[in-house]
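For reference, the structure discussed in these notes is given below.
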Amino acid sequence: MEPLRGELLAWWERDGRHQIPWKLHPDGSRPGPGEPLAAYGIWVAEVMLQQTQLAVVLPYWHRWMAAFPDLGALAAASEHDVLMLWQGLGYYARARRLHAGARQLVAGAYPSGAAGHGDPWPRTLEGWMALPGIGRSTAGSILSSAFDRPFAILDGNVQRVLARLVAHPGPPKRELAGFWRLSETLLDPQRPRAFNQALMDLGAGVCTPRQPACGTCPWQPHCAAYAAGDPGRFPVKDTPPPVPFQVIGVGVVSDAAGRVLIDQRLPEGLLGGLWEFPGGKQEPGEAIEATIQRELREELAIEVTVGEELITLEHAYSHKRLRFVVHLCRWRSGEPQPLASQQVRWVAPQELSSYPFPAANARIIAALEARLAAG
DNA sequence: CAGGCGTGGAC
DNA sequence: TGTCCAAGCCT
């Protein structure tokens, strides 16, 4: 075990990522073994990093820390402001859970394990996992990063590295318990922060999903997949389920004053809590104009005249693909009702930037602005 | 426990 | 171009 740890850590000292801002002291210096780091920024970062690459997270993390510099600021923030800062990052339940977790921590409503004396941060796996949106891997990552405590991690990078190390014959999802044991066995109890970060950096930069750079890998002499001659074959993947495709009719409804109608989605589920232009699924054999009229009648209780097309765009979610066919509409009658949303609102086009929208709607807004600018 | 849950980078 | 998939969690 010691040789593997030493070789990985030696590689990491030379080639690891050492400029990650939340893993440094405020003055930019690296923490020594056992030295604590500020837990708040690490907690925020680890949640942002769930299923999201480091380069994507960095600008979001900096904006978030400027807006909500500490736990109290986040707990006191509105959900609207929280979603504004998360807009475009995806998996929006993470933002709502981070917000709820901040309020739990401020209220002291978490299990034992914190240091006490005004320090709200848990020191145990159970303490962190009691917070919404924190599972075992994120909890282990936070505890090792912030406090240099010996807790293992098992994200996608680590699963891939370990699956190759032992040439595991099946999908890791089916044998997670064994992978957790392996991650715990390998973990360097003297330097858990550095070891976990090294393992992730190895997966992100060397032991990559495609064309791994085995020539520079510190574990190449120990790697069963390399010995088998085909490291790219691991980890073995499950066949992904088919992704459904749907056409969505969307109305950008204007009133006589030039305001447009938007609604806030329900608090849970897909894009929960974000704002959007109203619309819905096209039914078989239905013209898209009829879809838009029907959906606005069913979900908002309004009657509109469907005008020209503004834009058609395709958007892929993790579990479905949609084509949005967006038409400009004129409001005719009916006070808009939030029959399938939290609330509806008439807003001037220049006010749209103060609402959190999902990525597909941001493209619709860009098209609308271009149309308005063109007259 | 299999499926819901976003977005953009990389090739 | 399409396809894969990333520092997972929740139900």
Side-chain angles (χ1 to χ4, degrees), chain A residues 16-17 20 22-23 42-61 83 86-98 100-101 128-146 151-162 171-177 179-180 183 193 195-205 207-212 232 235 237-245 265-274 276 313-322 356-363:
Chain A
R17 297 176 288 187
I20 301 171
W22 49 86
K23 309 209 79 169
I42 289 174
W43 173 44
V44 171
E46 291 298 339
V47 173
M48 287 184 169
L49 285 163
Q50 290 168 0
Q51 295 287 282
T52 309
Q53 295 182 7
L54 174 63
V56 176
V57 162
L58 280 169
Y60 280 88
W61 185 84
L83 289 175
W86 206 274
Q87 181 179 9
L89 193 54
Y91 286 139
Y92 297 94
R94 294 183 296 173
R96 301 193 302 270
R97 290 168 185 156
L98 199 56
W128 279 103
M129 292 178 69
L131 292 173
I134 305 298
R136 182 174 172 187
S137 191
T138 301
S141 194
I142 293 171
L143 281 163
S144 59
S145 290
F151 293 96
I153 58 173
L154 191 60
D155 53 32
N157 282 321
V158 178
Q159 287 180 34
R160 184 173 58 256
V161 170
L162 300 186
K173 307 293 183 197
R174 307 291 179 81
E175 305 252 358
L176 279 186
F179 279 83
W180 271 110
S183 184
R193 170 193 284 145
F195 181 88
N196 280 343
Q197 187 61 47
L199 204 49
M200 287 189 283
D201 287 3
L202 187 70
C207 195
T208 51
R210 285 170 292 195
Q211 298 180 338
K237 294 173 289 290
D238 271 319
T239 60
V243 177
F245 178 84
R265 295 177 63 88
L266 295 174
E268 306 293 330
L270 182 67
L271 307 170
L274 276 72
E276 66 178 4
L313 54 91
E314 310 224 337
H315 192 82
Y317 298 94
S318 51
H319 58 299
K320 61 175 136 183
R321 292 190 307 116
L322 301 182
F357 284 92
N361 274 262
R363 295 179 60 190

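Numbered from 1 within each chain, the chains take letters A, B, ... in sequence-line order. Just so you know, these numbers come straight off a predicted model, no measurement behind them.
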Length of the line joining A/K173:NZ and C/dC5:P, which is rounded to integer Å: 11 Å
For atom CG of A/L162 and atom P of C/dA7, their distance in whole Å: 13 Å
Distance-only donor-acceptor check, side chains A/N196 and A/R193, under 3.5 Å: no
Nearest-angstrom distance, C1' atom, B/dC1 to B/dC5: 16 Å
Sugar-phosphate only, base, or nothing, as touched by A/Q197 at under 4.0 Å among non-hydrogen atoms: base
Any side-chain donor near an acceptor of the partner, A/T138 and A/E46, under 3.5 Å: no
Toward the 5' end of DNA chain C, by each residue's nearest nucleotide, A/K237 or A/P132: A/K237
A/R321 CZ to C/dG2 P, straight-line distance once rounded to whole Å: 8 Å
Residues A/R94, A/T52; criterion side-chain hydrogen bond (donor to acceptor under 3.5 Å, both in side chains); working and verdict: CA-CA 12 Å; A/R94 294 183 296 173; A/T52 309; 3.1 Å; yes
Length of the CG-C1' vector between A/L49 and C/dC9, whole Å: 14 Å
P gap between C/dA7 and B/dG3, integer Å: 24 Å
Backbone of A/Q87 reached by a side-chain donor or acceptor of A/Y60 within 3.5 Å: yes
Nearest-angstrom distance from the residue atom CG of A/L58 to C1' of C/dA6: 14 Å
side-chain N/O A/R160 vs C/dA7 OP1/OP2, d < 4.0 Å: yes
Heavy-atom neighbours of A/R17 CZ exceed 12 at 6.0 Å: yes
Letter per nucleotide, 5' to 3', of nucleotides 1-11 of chain B [B base touched, S only sugar-phosphate touched, - untouched; heavy atoms, 4.0 Å]: ---SBBB--B-
Distance, rounded to the nearest Å, where A/I134 contributes CD1 and C/dC9 contributes C1': 9 Å
P atoms of C/dC9 and B/dG8, separation to the nearest Å: 22 Å
Length of the CD-P vector between A/E268 and C/dC9, whole Å: 18 Å
Sugar-phosphate only, base, or nothing, as touched by A/I42 at under 4.0 Å among non-hydrogen atoms: nothing
CA sep, side-chain torsions, deciding dist, call: A/W128, A/W43, side chain to side chain contact (heavy atoms under 4.5 Å, CB included): CA-CA 10 Å; A/W128 279 103; A/W43 173 44; 3.6 Å; yes
Under 3.5 Å: donor-acceptor pair, side chain of A/R160, backbone of A/G203: yes
Nucleotide C/dC10, atom C1' - distance to CZ of A/R136 in whole Å: 17 Å
